[in-house]
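Structure first, then comments.
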There are 2 protein chains.
Amino acid sequence: MSATKILDTLLAISRLLEQDQQRELERRGLTVPRTHLLWVLYHGGPATQAHLAEAVGVTPRHVTTLVDALENTGFARRKPHPSDRRAVLVHLTERGLSEMESMDAEHKALGANLIAGLSDDTITATRTALTQILERLTSLVDDHTARAESEERDR
Amino acid sequence: MSATKILDTLLAISRLLEQDQQRELERRGLTVPRTHLLWVLYHGGPATQAHLAEAVGVTPRHVTTLVDALENTGFARRKPHPSDRRAVLVHLTERGLSEMESMDAEHKALGANLIAGLSDDTITATRTALTQILERLTSLVDDHTARAESEERDR
DNA sequence: TATTGTTATACTCTATAACTATA
DNA sequence: TATAGTTATAGAGTATAACAATA
């Protein structure tokens with residue numbers, strides 16, 4: 001009984017989730033990074049590109065590319081910032097908003113569907129395990145980040 | 001207690017696993033798709049590019065690009081196919097082999113690390129839940145694939 | 001002087017179509 | 001005629017560096 005069984009199953013689930021997500025997005029004319037940006041707008045309201053770069057975790061330059069694409073496909077729009085003439089505010093169009101709403105609903109349905117039929121005990125134990133795994137992974141990634149940064153400083 | 005809690009945790013874990021993996025690969029001078037190809041060579045031995053395209057799930061043309069990159073960085077090599085002069089056999093270099101071995105070891109260590117300290121009952125329940133989730137996701141993706149294909153035929 | 005966004009350039013992943021050499 | 005791999009072309013994600021306009 002290999003110790004990596006759970007990790008392997010998690011990885012298999014990750015791949016399928018990503019695969020399914022990508023297909024659903026493609027069907028709507030979206031991509032993962034663009035949707036990530038829309039998601040930030042959906043939850044945080046109109047924002048400057050500098051803010052979006054920070055929130056999505058890409059360079060400000062790349063936000064320009066993503067917003068260009070989202071404007072061309074009608075999911076978002078730029079408008080001038082009311083008080084800072086350097087900046088723009090990016091906001092969802094009606095189409096962008098309704099896509100986000102329906103994706104939100106699909107997400108909730110999927111979550112319920114995947115665990116339907118499992119006993120309460122099983123669900124509770126799973127939640128416990130996943131929470132620990134998430135914590136360990138988080139600290140692991142933090143460690144690696146710290147190490148990478150210290151290596152960078154050494155150069 | 002939202003029904004999407006487990007799904008959200010799974011998604012968070014997926015993101016971290018991918019993030020950590022990408023950083024480890026970058027440190028070694030690899031990318032995810034290139035590593036996927038090396039992984040196939042590691043487990044299946046030398047292979048033609050046509051076979052790799054099938055195994056990795058990309059176009060034969062793209063295998064050319066990936067193998068070019070792996071040759072340039074010294075992880076794999078092409079050699080002529082002994083009996084078919086059209087084909088080449090791609091095989092790991094020593095460097096490619098040793099990287100795969102160390103990644104394999106790290107993968108096993110990570111799997112053990114993430115669940116260390118959890119009770120046997122918790123682990124068993126988690127395994128049950130993840131197995132069901134994986135099954136449901138698989139059939140869901142299959143459904144979506146079938147639907148996409150039938151839509152394609154309608155065009 | 002610092003910040004916001006954009007032009008310029010480059011690398012990687014990925015695909016389709018057309019072509020060459022060989023089966 | 002079919003198969004293996006490559007040249008040609010293109011779209012998307014992503015980054016750095018240099019630059020304009022504004023703060």
Side-chain angles (χ1 to χ4, degrees), chain A residues 15 18-19 21-23 25-40 46-73 75-91 148 152 155, chain B residues 15 18-19 21-23 25-40 46-73 75-91 148 152 155:
Chain A
R15 273 189 290 271
E18 191 179 349
Q19 191 181 324
Q21 183 190 216
Q22 282 206 17
R23 181 177 7 233
L25 293 182
E26 199 172 317
R27 200 166 55 82
R28 294 168 203 259
L30 282 167
T31 65
V32 172
R34 292 176 196 178
T35 306
H36 190 172
L37 200 156
L38 293 181
W39 201 248
V40 171
T48 63
Q49 294 192 182
H51 176 259
L52 290 171
E54 173 73 29
V56 176
V58 299
T59 58
R61 174 59 184 90
H62 188 45
V63 171
T64 298
T65 309
L66 294 175
V67 174
D68 282 351
L70 288 168
E71 281 203 314
N72 285 336
T73 46
F75 293 98
R77 280 275 169 276
R78 287 178 173 98
K79 61 183 164 191
H81 191 289
S83 63
D84 185 340
R85 276 195 297 170
R86 293 171 307 180
V88 299
L89 278 181
V90 183
H91 64 102
E152 186 126 356
R155 256 182 285 129
Chain B
R15 272 190 290 270
E18 192 178 349
Q19 190 180 326
Q21 183 188 216
Q22 281 206 17
R23 177 170 18 223
L25 293 182
E26 199 173 315
R27 200 166 55 82
R28 301 174 140 94
L30 283 167
T31 64
V32 171
R34 292 174 196 178
T35 306
H36 190 174
L37 200 155
L38 293 181
W39 200 247
V40 171
T48 63
Q49 293 191 182
H51 176 259
L52 290 172
E54 173 74 28
V56 176
V58 299
T59 58
R61 173 58 185 91
H62 188 46
V63 171
T64 298
T65 310
L66 294 175
V67 174
D68 283 351
L70 288 168
E71 281 203 313
N72 286 335
T73 45
F75 293 98
R77 281 274 170 276
R78 287 178 173 100
K79 59 183 166 192
H81 191 287
S83 63
D84 186 340
R85 277 195 297 172
R86 294 171 306 181
V88 298
L89 279 181
V90 183
H91 63 102
E152 186 126 355
R155 255 182 289 127

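Each chain gets a letter, A, B and so on, in the order its sequence line appears, and its residues count up from 1. Since the structure is predicted, the reported quantities are computational estimates derived from the model, not experimental observations.
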Item to check | B/T59 side-chain N/O to C/dA15 phosphate OP1/OP2 under 4.0 Å | outcome: yes

Checklist entry - Nearest-Å distance, CD (A/Q22) to P (C/dA15)? => result 11 Å

Next on the checklist: Please check this pair: side chain of A/R77 against backbone of A/E71, looking for a donor-acceptor N/O pair closer than 3.5 Å.
Outcome noted: yes

Item to check | A/L30 CG to D/dG13 C1', straight-line distance once rounded to whole Å | outcome: 15 Å

Checklist entry - When the distance from CZ of B/R78 to P of D/dG5 is rounded to whole Å, what number comes out? => result 9 Å

Checklist entry - Do A/V63 and A/V56 come within less than 4.5 Å of each other through their side chains, counting heavy atoms only? => result no

Checklist entry - Looking across every strand, which nucleic acid part, if any, lies under 4.0 Å from B/T64 by heavy atom: base, sugar-phosphate, or nothing? => result base

Item to check | Steps toward salt bridge (charged side-chain N to carboxylate O under 4.0 Å, His left out) verdict (A/R34, A/D68) | outcome: CA-CA 10 Å; A/R34 292 176 196 178; A/D68 282 351; over 6 Å; no

Checklist entry - Which is true for B/V63 with a 4.0 Å heavy-atom rule: it touches a base, it touches only sugar-phosphate, or it touches nothing? => result nothing

Short heteroatom pairs, N/O only, protein and nucleotides 18-23 of chain C, under 3.5 Å:
| unit_1 | atom_1 | unit_2 | atom_2 | d |
| --- | --- | --- | --- | --- |
| C/dA23 | OP1 | B/R85 | N | 2.7 |
| C/dA23 | OP2 | B/R85 | NE | 3.4 |
| C/dA23 | OP2 | B/R85 | NH2 | 3.4 |

Checklist entry - For the pair made of CG in A/D68 and C1' in D/dG11, what is the distance, rounded to whole Å? => result 14 Å

Checklist outcome for this item: A/L89 atom CG is separated from C/dT4 atom P, nearest whole Å, by 13 Å

Item to check | Position toward the 5' end of DNA chain D (nearest nucleotide), A/A69 or B/A47 | outcome: B/A47

Checklist entry - Is there side-chain contact between B/L30 and B/L38, with at least one heavy-atom pair below 4.5 Å? => result yes

Next on the checklist: So which atom in B/T59 and which in B/A53 form the shortest heavy-atom distance, rounded to 0.1 Å?
Outcome noted: C-CB, 4.0 Å

Checklist entry - Is any side-chain N or O of A/H62 closer than 4.0 Å to OP1 or OP2 of D/dG13? => result no

Checklist outcome for this item: Quick note, B/T31 side chain, CB onward, closest among D/dT14, C/dC13, C/dT4 is C/dC13

Next on the checklist: Can you say whether a donor on the side chain of A/R61 sits under 3.5 Å from an acceptor on the base of C/dT7, or the other way round?
Outcome noted: yes

Next on the checklist: When you compare the side chain of B/T48 with that of B/L89, does any pair of heavy atoms fall below 4.5 Å?
Outcome noted: yes

Checklist entry - How long is the line joining CG of B/L66 and C1' of D/dT6, in whole Å? => result 14 Å

Item to check | Whole angstrom value for the distance that separates C1' of D/dA12 from CG of A/L25 | outcome: 14 Å

Item to check | Criterion side chain to side chain contact (heavy atoms under 4.5 Å, CB included) against B/V90, the qualifying member of B/L70, B/V40, B/V67, B/L66 | outcome: B/V67

Checklist entry - Side chain of B/V58: nearest nucleotide among C/dC13, D/dG13, C/dA15? => result C/dA15

Checklist entry - Does B/R34 have a side-chain nitrogen or oxygen under 4.0 Å from the phosphate oxygens OP1 or OP2 of C/dC13? => result yes

Next on the checklist: Looking at A/Q49, I'd like to know whether one of its side-chain N or O atoms comes within less than 4.0 Å of OP1 or OP2 on C/dT6.
Outcome noted: yes

Next on the checklist: Nearest 0.5 angstrom please: B/R23 CZ to B/Q19 CD, how far?
Outcome noted: 6.0 Å

Checklist entry - Whole Å only: how far is the CG atom of A/L37 from the C1' atom of C/dG5? => result 14 Å

